[in-house]
2 protein chains.
Amino acid sequence: MNEQIHRGLRAAPARPTPTLEDLATAAGVSRSTASRAINGGSRVSPEAQAAVDAAVLSLGYTPNRAARSLVTRRTSSIALVINEPDARVMMDPFFAAVITGVTEALRETDMQLVLLMSRAGGDPSRTVRYLRGGHVDGAIVVSHHKADGWTEELAASGLPTVFIGRPWDTGLGIHYVDVDSFEGGRLAALHLAAAGRTRLATITGPLDMTAAEDRLDGWQAGLKEAGLPAGLVAHGDFTPAGGTEAAERLLAEDSGVDGIFAASDLMARGAITALKAAGRSVPGDVAVVGFDDHLTVPGELPLTTINQPTVEMAEKAARLLLADIEDPGAAREPVIYPARLVVRESSEPQAG
Amino acid sequence: MNEQIHRGLRAAPARPTPTLEDLATAAGVSRSTASRAINGGSRVSPEAQAAVDAAVLSLGYTPNRAARSLVTRRTSSIALVINEPDARVMMDPFFAAVITGVTEALRETDMQLVLLMSRAGGDPSRTVRYLRGGHVDGAIVVSHHKADGWTEELAASGLPTVFIGRPWDTGLGIHYVDVDSFEGGRLAALHLAAAGRTRLATITGPLDMTAAEDRLDGWQAGLKEAGLPAGLVAHGDFTPAGGTEAAERLLAEDSGVDGIFAASDLMARGAITALKAAGRSVPGDVAVVGFDDHLTVPGELPLTTINQPTVEMAEKAARLLLADIEDPGAAREPVIYPARLVVRESSEPQAG
DNA sequence: GGTCGATCTGGGAGCGCTCTCATGTACCGA
DNA sequence: TCGGTACATGAGAGCGCTCCCAGATCGACC
């Protein structure tokens, strides 16, 4: 009796959003049948299906995601985890490309993208807790550092996860998508050597990231292959400012540098700024090669770089994740995209 | 009895995530008390609170968001709606800045950011349906066009919504944050006039966006104020390529143009490309003014532009939204940030 | 004609949480 | 000593959905 009063009171203010129950009533079927009709409609007669479809339209019914996910244990959302101290990383076109690719892959799905930026100020474990808390069906980790220790935690949690960029510990069976960074570094070295440059230097990314390490290793292997001595190494942080500072240090150590490979386009731009400020011409005095190939601001000196199909990689990562959510535990090989040298004016005096 | 068998079977594979019930048992209190302790702890004795806190730690308890939101009707997530046909808009630093700002505002909240990109291929109403479906507690709409018709729909739905950039219909009481685009356009005109330029032209954004319209109106008002004739108008789309094409059209119409105001930095860059290709020097032959001031690629010609505090605006929008979710219906005035002229080399021959 | 299988349907439990309400306990002033 | 107030607590319902199960319906086949 108390309950009845309750229901009466609650129903009073014109129920706002229709529930499955309302839908079923409108369609003249049971809640169960309505549910089946909504979800793919197996074991539903054509008439019942049609009645439900019509009711959905006339009522403007949308399933309550919370209720559904409470019982299915699926949330229909995945997280894009960006683990960088500074929020300004979003300014890096790399992340824009990643978001573009992931969005594209989710296009025809009803999956939603939750942006998870874990940052310096916040509790680092909070992100992992969130991920383990069953709030998302899977995660794409896009930028992770050695000290994160996330790889193990995520692998242990069993949450479907795909890394963009090789994780530090690949023995855990974590899926990932990567570009062949080693080969990219090597190609840069060979290209500069072939152009007759001999006093070569590189500006690395933060070496707690595999991409930075691989590019450096490849670079050094390329130098050796070309019969050149291991050149100078300056450490950057993938930002333009970092590239500028690193280039200044390089010039201070060896003012005769005639070729620089920066592990990202942004750093290459920064390096060019420093070179010009120091009175060096590019590519006349110093040839510069970047890495990424998705900085397309017009009116700049076209940059020789290593192309990385970031949008495509992100799309692939998302599709891998969806597959992994659908069929967990299936072993999947890492997907490595080839690195491709794109020669432009910053390394070729005669070009342009 | 059947039920018992069920529960037995289900419990078998070591219950994975602890529920509130488990937590209560571990803490030696009832589910109700545990719930109260979790949620702020009013009407909970210090001992009970301590016991629950300890249990949370030892069990690694995380509330099930779906269950919670099923009863509270809150999802603890807000949507960032980006309504652009081309996914590549993400490459525009403007959106990066918006994401940065929103993320910053959500930092100390347990709110999550859901990225909602509605695009050409998809069903346009799908986004609105999603928003009305109660999947998020509120929405920030960042880029909307006249034909969307969203303003009315969203206003009618009662979903807390904040626009970044004035919506077309401000009579609906929709909250928004904007920069004074009119004043920005005016400042650009006055600046170029003061620099002695007389054959002025502008490159607009898509005129189905209020920002583009306001900048054009302000520009024309400024010209009139300076006693100059209404100059040429070319339409762009906020992209570099659009800026290039628009500038080409301007040059074709009047080869003697000596000052151009582009409604975005990206378009200004594109225009400079076209000008240089046509043999014009910047700022010698043609002075160029942009709008945005968040394109900071080093090594480029520093651009005179109208500064727009995008990160701050996005942060403000998010805070407004949070306030609106907390206390719906409270009337809130639009927040308009001042536009500020930043003079750099692209319009000042003597500078640099 | 009766039985079997296939197909469709509805009843009902329960996912994990919050919230209302009734009860229990402690402490105040009279 | 007792009624009253304040606060802490637990029982229980119910949010909207899915899914299991049992029942109903209908041909088809022996």
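In what follows, every heavy atom counts, from backbone to side chain, and hydrogens, waters and symmetry copies are set aside.
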Trainee: Once salt bridge (charged side-chain N to carboxylate O under 4.0 Å, His left out) is applied, do any residues pair with A:R68, and if so which ones, sequence neighbours excluded?
Mentor: none

Trainee: Starting at the 5' end of DNA chain D, which residue's closest nucleotide do you reach first, B:V71 or B:V29?
Mentor: B:V29

Trainee: So, is A:R73 near the phosphate of C:dG16, with a side-chain N or O under 4.0 Å from OP1 or OP2?
Mentor: yes

Trainee: Scan A:S45 against the nucleic acid and name what it touches under 4.0 Å (heavy atoms): base, sugar-phosphate only, or nothing.
Mentor: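 Sugar-phosphate contact only - A:S45 comes under 4.0 Å of backbone atoms but never of a base.
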
Trainee: Do B:N83 and B:S143 meet the criterion of a side-chain donor-acceptor pair at a distance under 3.5 Å?
Mentor: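 No - no donor-acceptor pair under 3.5 Å links their side chains.
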
Trainee: Tell me which of B:R68 and A:P46 sits closer to the 5' end of DNA chain C, going by the nucleotide each one is nearest to.
Mentor: A:P46

Trainee: Tell me, please, which residues at least two apart from A:H135 pass ring-ring contact (aromatic ring centres under 6.0 Å, His included).
Mentor: A:Y130

Trainee: Heavy atoms only, 4.0 Å cut-off, all strands: where does B:T72 land among base, sugar-phosphate and nothing?
Mentor: sugar-phosphate

Trainee: Atom CZ of A:R43 and atom C1' of D:dA24: how far apart are they, to the nearest Å?
Mentor: 14 Å

Trainee: Does one side chain, of B:E333 or B:H175, offer a donor that lies under 3.5 Å from an acceptor on the other?
Mentor: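 There is no such pair (donor and acceptor under 3.5 Å, judged by atom type) between the side chains of B:E333 and B:H175.
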
Trainee: Which whole-number value in Å describes the distance from A:E21 CD to D:dC15 P?
Mentor: 10 Å

Trainee: Is it true that B:K316 and B:E312 have a side-chain N and a carboxylate O under 4.0 angstrom from each other?
Mentor: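 A salt bridge is absent here (no side-chain N lies under 4.0 Å from a carboxylate O).
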
Trainee: Considering just the side-chain nitrogens and oxygens of A:S30, establish if one lies under 4.0 Å of OP1 or OP2 belonging to C:dG10.
Mentor: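 A:S30 to C:dG10 OP1/OP2: side-chain N or O found under 4.0 Å.
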
Trainee: Take atom CG of B:L23 and atom C1' of C:dT18, then tell me their distance rounded to the nearest Å.
Mentor: 14 Å

Trainee: Can you tell which of D:dC20, D:dG10, D:dC15 lies closest to the side chain of B:L70?
Mentor: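 Ranking D:dC20, D:dG10, D:dC15 by closest atom to the B:L70 side chain puts D:dC15 first.
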
Trainee: Within residues 56-64 of chain A, find the residues that approach DNA chain D with a heavy atom at under 4.0 Å, and present them sorted by residue number.
Mentor: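 By residue number: A:Y61, A:P63, A:N64.
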
Trainee: Considering only C:dT9, C:dC17, D:dG10, which nucleotide approaches the side chain of A:A48 most closely?
Mentor: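 For the A:A48 side chain, the nearest candidate turns out to be C:dT9.
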
Trainee: Could you give the CZ-to-P distance, from A:R65 to D:dG16, as a whole number of Å?
Mentor: 17 Å

Trainee: C:dC19 C1' sits how many Å from B:R74 CZ, rounded?
Mentor: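 Distance check: B:R74 CZ to C:dC19 C1' gives 15 Å.
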
Trainee: Please report the interatomic distance CG(B:L106) to CD1(B:I78), rounded to the nearest 0.5 Å.
Mentor: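 If I round to the nearest 0.5 Å, the distance is 4.5 Å.
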
Trainee: Starting the side chain at C-beta, find the nucleotide from D:dG14, D:dG16, C:dA13 nearest to A:T19.
Mentor: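 Shortest atom-to-atom distance from the side chain points to D:dG16.
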
Trainee: Say whether A:S30 and A:T33, considering side chains only, have a donor N or O and an acceptor N or O under 3.5 Å apart.
Mentor: yes

Trainee: Please report the distance, rounded to the nearest Å, between CZ in A:R31 and C1' in D:dC21.
Mentor: 14 Å

Trainee: Between C1' on C:dC19 and CG on B:L20, what's the gap in Å once rounded to a whole number?
Mentor: 13 Å

Trainee: Using whole Å, report how far CD of B:Q49 lies from P of D:dC7.
Mentor: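 After rounding, the reported distance stands at 17 Å.
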
Trainee: With a 3.5 Å cut-off and heavy atoms only, can you find an N or O donor on one side and an acceptor on the other between the side chain of B:T33 and the base of D:dA8?
Mentor: no

Trainee: Can you tell me how far OG of B:S69 sits from CZ of B:R74, rounded to the nearest 0.5 angstrom?
Mentor: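 Result: 10.5 Å between the selected atoms.
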
Trainee: With a 3.5 Å cut-off and just heavy-atom distances, do the side chain of A:R36 and the base of C:dG10 make a donor-acceptor pair?
Mentor: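 By the distance-only test, yes, there is a pair.
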
